[in-house]
Amino acid sequence: ALYSKAGKDANKKTAKAEAYKAAQSAKSAFPELSVYTSFKTPFWKVRVGDFESNAEAQSLKNELKSALPEYAGEIYIVKTKVKVPIYPVE
């Protein structure tokens with residue numbers, strides 16, 4: 001996750017705006033990756049990328065921290081179901 005903020009800790013509209021700002025920053029820095037913004041009370045979350053391994057996720061985590069230093073303290077790996085591309089069999 002790139003960003004996670006509780007709506008109760010800040011104005012809910014502010015937390016939502018910050019989440020979408022973080023998502024846009026991630027999309028700009030890594031246009032080839034999927035970026036997901038979600039809200040589950042009380043948290044706004046931004047997730048970046050779909051990875052099959054922890055090593056892949058760790059690599060992006062390091063790249064995100066370098067590319068988006070303003071979010072470095074909020075970047076962490078979350079285990080979740082991801083969309084994995086299906087390649088046609090030849």
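Computed from a prediction, not measured in an experiment: that's the story for all the values here.
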dist Asp50:CG -> Glu56:CD (nearest 0.5 Å) comes out at 10.0 Å

Given Tyr71 and Glu18, is the side chain to side chain contact (heavy atoms under 4.5 Å, CB included) satisfied, shown in steps? CA-CA 11 Å; Tyr71 299 107; Glu18 289 176 6; over 6 Å; no

Next item on the list: Look at the side-chain heavy atoms of Ile, Leu, Val, Met, Phe, Trp and Tyr, link any pair under 4.5 Å apart, and say whether Phe30 and Tyr36 land in one connected group.
Entry: no

Name the atoms and distances for all side-chain donor-acceptor pairs under 3.5 Å in residues 60-68, with sequence neighbours left out.
from  : atom 1 : to    : atom 2 : distance (Å)
Asn62 : OD1    : Gln58 : NE2    : 3.4
Asn62 : ND2    : Gln58 : O      : 3.4
Ser66 : OG     : Asn62 : O      : 3.4

- prompt: Does any non-hydrogen side-chain atom of Thr37 lie less than 4.5 Å from one of Lys45?
  reply: no

Got a donor-acceptor contact below 3.5 angstrom from the Gln24 side chain to the Lys21 backbone? no

### Task
Ignoring hydrogens and angles, tell me if any N or O in the side chain of Ser59 forms a donor-acceptor pair with the backbone of Ala55 under 3.5 Å.
no

Handout entry: More than 12 heavy atoms of other groups within 6.0 Å of Glu52 CD
Key = no

Quiz item: Taking the six-membered ring of Phe43 as reference, does the NZ or CZ atom of Lys40 fall below 6.0 Å from its centre and within a 45° cone about the axis?
Solution: no

The reported gap from CH2 in Trp44 to OG1 in Thr14 (rounded to nearest 0.5 angstrom) is 12.0 Å

